[in-house]
Amino acid sequence: MPKAKKRRTGGKLENDVEDAKGAAAIRPLLDAVDRLRHLKVTQEGIQLPTIVVVGDQSSGKSSVLESPAGISLPRGQGICTRVPLVMRLQDDPAADSPKLQLEYSNGRVVTTNKAKVAYAINAATAEIAGSGKGISDAPITLVVRKRGVPDLTLVDLPGITRVPVQGQPEDIYDQIAKIIKDYIAPKESIILNVLSATVDFPTCESIRMSQQVDRTGERTLAVVTKVDKAPEGLLEKLTMDVVKIGLGYVCARNRIGEETYDQARVEEARLFKNHPLLSKIDKSMVGIPVLAQRLMQIQATIIARCLPDIVKQINDRLIRSRTELDQMPPDLNDTGDAVRAFFHIVKKVCTSLEKILVRAEFDDYPDDCYFHGTARIAGMLNRYAMKLPTECPKHSDELFLMEEIRVLQETMGINLPNFLPRSAFHVMLKKKVEMVGQVPQDLVNEVWEYVEDLVMKILFQHSENFPQVQPSCRLAIQSLMEKALARSAQHVKELIEMELVADYTANPDNMKTWAAVMEGQKKFMESVENNSKPTKITITLEGFGEVDVCHLRMHADLAGQAFDLRARLTAYWKIIVLRLVDGLALHVVRGVKRLVENDLEEELADQLLGNNMAGVQQMLSPLPSTETKRDRIKKSIVLLQQSKEVVANTMDRITAADEV
């Protein structure tokens, strides 16, 4: 029959431990981790190196834990371990008798002894998880100071059971599985998987769970119990290693009946020495003493490997927590403090808005195009210019110059012939301007709606520490925007009215355009007056494109004037569009600049400093959520600072030991 091969616990890891100075080197590291665990540094998201004991129900898990400590844990039918039990074993050469104490429920400490420890654990469990058969993830820590025990910290978890018994919740398996996975998932955890020799290892639920988080088995050490009950085939199981236990196997004999722990170890040694099958297993893989030594080696190595990263995480989180505390709203003691805090917020808001709405600087929001204010407003102005027709607007189904003909007919007076009535031009101009009168108003609505939303977002970002004043700030901004929109609406109204009051421009392009169009009048009139041509007469004219003029033959007397009227409207319309675009664009730019540089601060000040400073008075009453957050951050800083000191003290102890 083949001999079981020795399994490595990690190659270099063992070599590192062998170079250490025994327990003197292990103890400071273990004390540091235990102290960090006691401080609950894991609440800060910092995982600690931990040996986690898992196993199916009735796998002999309790016996494995009892043996190194030499104490009796709770036993019975069903789930004996109903909460995580953190067992801290500390070798105390000066101890005449074992010193045991339980720590649980946020600092409660209960001193006990070997005879009563099982009762004390049961009482603490009942206090945490209830007197029934339910479980809890709140841990109990059992500290055992005793001469000769290995320096170890183990976390015992509830045994895995699939079928709930009477008194257990229906989802007992899911509850246990969640607790186990929370403990074994971190890469810093070493999994001590307790397997009964009486079962096939691949069928064990604890193996399935550990393989889910440690597929290669590099973090898993297996303890095989009850070997005296099923020695046949055990050697093959260990040799084949079908479940991939990377840190190897250790076989153990359970304590039987009233045996003392010393007697149990003697019987265990005799079993592995004399049994015809079990004696073939390599001696480096059998016995509780071997298990204790292996665990101490693995524990020291994993702590030494993880400690630098733990130090880094503590420092990083400490810096982050202090930064977060600095960003919290300051403690305001009086109205003067509140006023200074208020104007500090306003200054930051105005600075941000000036950058994104005036100076086109977007370094605060490089990837969020919504906050690129000048570009967004420029886009609105471009779309506005495109909405204004470049050609004088007309109805699409209107025959060429018929609208002008009708207007000339209605404005005809008793005067000299061939004079273009000025009133006809005014009537036509008014109609055309009114057709586009809503377009400028739509622009200012769009601009100020965007600016209002942008100002709200920026203000709320900078005032997030004082949400109690944000409703007042919102009212101030809404009031300010109503005023800005009213000014813009008035400006649009005046722009339109100015175009209707008088037809004037000093722009020479007006006459140039009119003259260029009028060059086609002769060609136009010849086509209208030539009755010899077909019914449909299509000609191409400058400024008008291809047009049909046959319908104008019956209005030949007014056709020339109608052409002149259309030419004047065409030339002048370009001037009107230019004024509507440029004038409104400059108004918008000026309005935004005025808002950022002057109006916003004044409006916010009036709203919050008025009425005996009722607005800023609200800043003196911090929200409960703010105080809760501040307290949480302060507690986090205290915890992390204490953790940093623990690690520093440990490193000092190790350095001092190396110098001796």
Side-chain angles (χ1 to χ4, degrees), residues 385-386 388-437 495-496 498-583:
M386 294 175 65
L388 290 173
T390 56
E391 303 295 336
C392 189
K394 58 182 182 298
H395 298 292
S396 59
D397 58 347
E398 187 78 58
L399 294 174
F400 182 57
L401 295 185
M402 286 308 298
E403 183 180 12
E404 285 80 0
I405 295 291
R406 287 196 299 273
V407 171
L408 287 170
Q409 290 173 338
E410 295 304 318
T411 56
M412 187 179 298
I414 302 173
N415 47 31
L416 293 173
N418 296 324
F419 278 87
L420 182 65
R422 186 178 181 83
S423 58
F425 182 81
H426 285 162
V427 169
M428 289 292 297
L429 181 63
K430 180 179 180 183
K431 286 184 177 181
K432 304 309 180 186
V433 171
E434 288 176 347
M435 288 177 69
V436 298
L495 280 178
I496 300 299
M498 284 188 293
E499 298 300 341
L500 297 176
V501 166
D503 50 331
Y504 170 79
T505 181
N507 192 328
D509 288 343
N510 179 59
M511 291 305 297
K512 289 179 182 179
T513 303
W514 174 78
V517 174
M518 288 300 290
E519 287 180 359
Q521 188 180 36
K522 181 178 179 181
K523 176 182 177 181
F524 165 75
M525 289 305 299
E526 288 175 352
S527 298
V528 171
E529 294 171 350
N530 188 353
N531 294 320
S532 64
K533 291 191 175 184
T535 305
K536 184 173 183 180
I537 306 173
T538 301
I539 60 174
T540 301
L541 298 172
E542 174 71 23
F544 304 138
E546 189 177 89
V547 296
D548 181 14
V549 299
C550 66
H551 59 279
L552 296 172
R553 288 174 177 171
M554 64 183 64
H555 304 289
D557 58 328
L558 294 177
Q561 286 184 314
F563 187 93
D564 187 7
L565 180 56
R566 173 64 70 89
R568 293 177 185 278
L569 285 170
T570 298
Y572 191 57
W573 182 256
K574 296 182 183 298
I575 305 301
I576 291 176
V577 170
L578 187 62
R579 284 198 295 243
L580 289 178
V581 172
D582 291 350

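For the numbers below, each heavy atom of this structure counts, side chains included, while hydrogens, waters and symmetry mates do not.
Between K574 and T390 the shortest heavy-atom distance is NZ-O, 4.0 Å. Closest of all the heavy-atom pairs between P389 and V577 is O-CG2, 3.5 Å. The two residues A562 and I405 make their nearest non-hydrogen contact at CB-CD1, 3.6 Å.
Scanning for side chain to side chain contact (heavy atoms under 4.5 Å, CB included) contacts around S423 gives T411, P421, with sequence neighbours left out. In terms of the side chain to side chain donor-acceptor pair (under 3.5 Å) criterion, residue partners of D503 (sequence neighbours excluded) are, by chain and number, R422, H426. Residues satisfying the side chain to side chain contact (heavy atoms under 4.5 Å, CB included) criterion with N507, sequence neighbours excluded, are T505, D509, I575, L578. Remark: D564 pairs with W514, R568 by the side chain to side chain donor-acceptor pair (under 3.5 Å) rule, at least two apart or across chains. Every residue meeting the side chain to side chain donor-acceptor pair (under 3.5 Å) condition with K432, not counting sequence neighbours, appears here in chain and number order: E403. Judged as a salt bridge (charged side-chain N to carboxylate O under 4.0 Å, His left out), and not counting sequence neighbours, E529 has no contacts. Listed by chain and number, the residues in a side chain to side chain donor-acceptor pair (under 3.5 Å) with W573 amount to none (sequence neighbours excluded). For F544, the ring pair (Phe, Tyr, Trp, His ring centres under 6.0 Å) partners are F400, F563, not counting sequence neighbours.
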Using atom types as modelled, flag every donor-acceptor pair under 3.5 Å from a side chain in residues 515-526 to any protein atom, sequence neighbours excluded.
residue: Q521; atom: NE2; partner: G560; partner atom: O; Å: 2.9
residue: K523; atom: NZ; partner: T540; partner atom: O; Å: 3.2

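The local environment of CE in M554 is sparse, with at most 12 non-hydrogen atoms from other residues, nucleotides or ligands closer than 6.0 Å. Remark: E434 CD is packed, more than 12 non-hydrogen atoms of other residues, nucleotides or ligands lying under 6.0 Å away.
Note that the CD1 atom of I496 and the CG atom of L580 stand 5.0 Å from one another [nearest 0.5 Å]. Taking CG of L399 as the start and CG of L552 as the end, the distance is 8.0 Å to the nearest 0.5 Å. With rounding to the nearest 0.5 Å, the separation of CD1 in I576 from CD in E499 is 5.0 Å. Note that CE of M435 and CG of L388 are 12.0 Å apart. Values are rounded to the nearest 0.5 Å. Note that CZ of F425 is 5.0 Å distant from CG of L569, once rounded to the nearest 0.5 Å. One finds the CG atom of N530 at 12.5 Å from the SG atom of C550 (value rounded to the nearest 0.5 Å).
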Under the criterion side-chain contact (heavy atoms from CB on, under 4.5 Å), I'd like the reasoning laid out for H555 against Q409: C-alpha separation, chi angles, the key distance, then a yes or no.
CA-CA 10 Å; H555 304 289; Q409 290 173 338; 3.8 Å; yes
Passes side-chain contact (heavy atoms from CB on, under 4.5 Å), T538 versus V547? Steps please.
CA-CA 5 Å; T538 301; V547 296; over 6 Å; no
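Looking at L558 and Q561, their side chains come closer than 4.5 Å, going by heavy atoms from C-beta outward.
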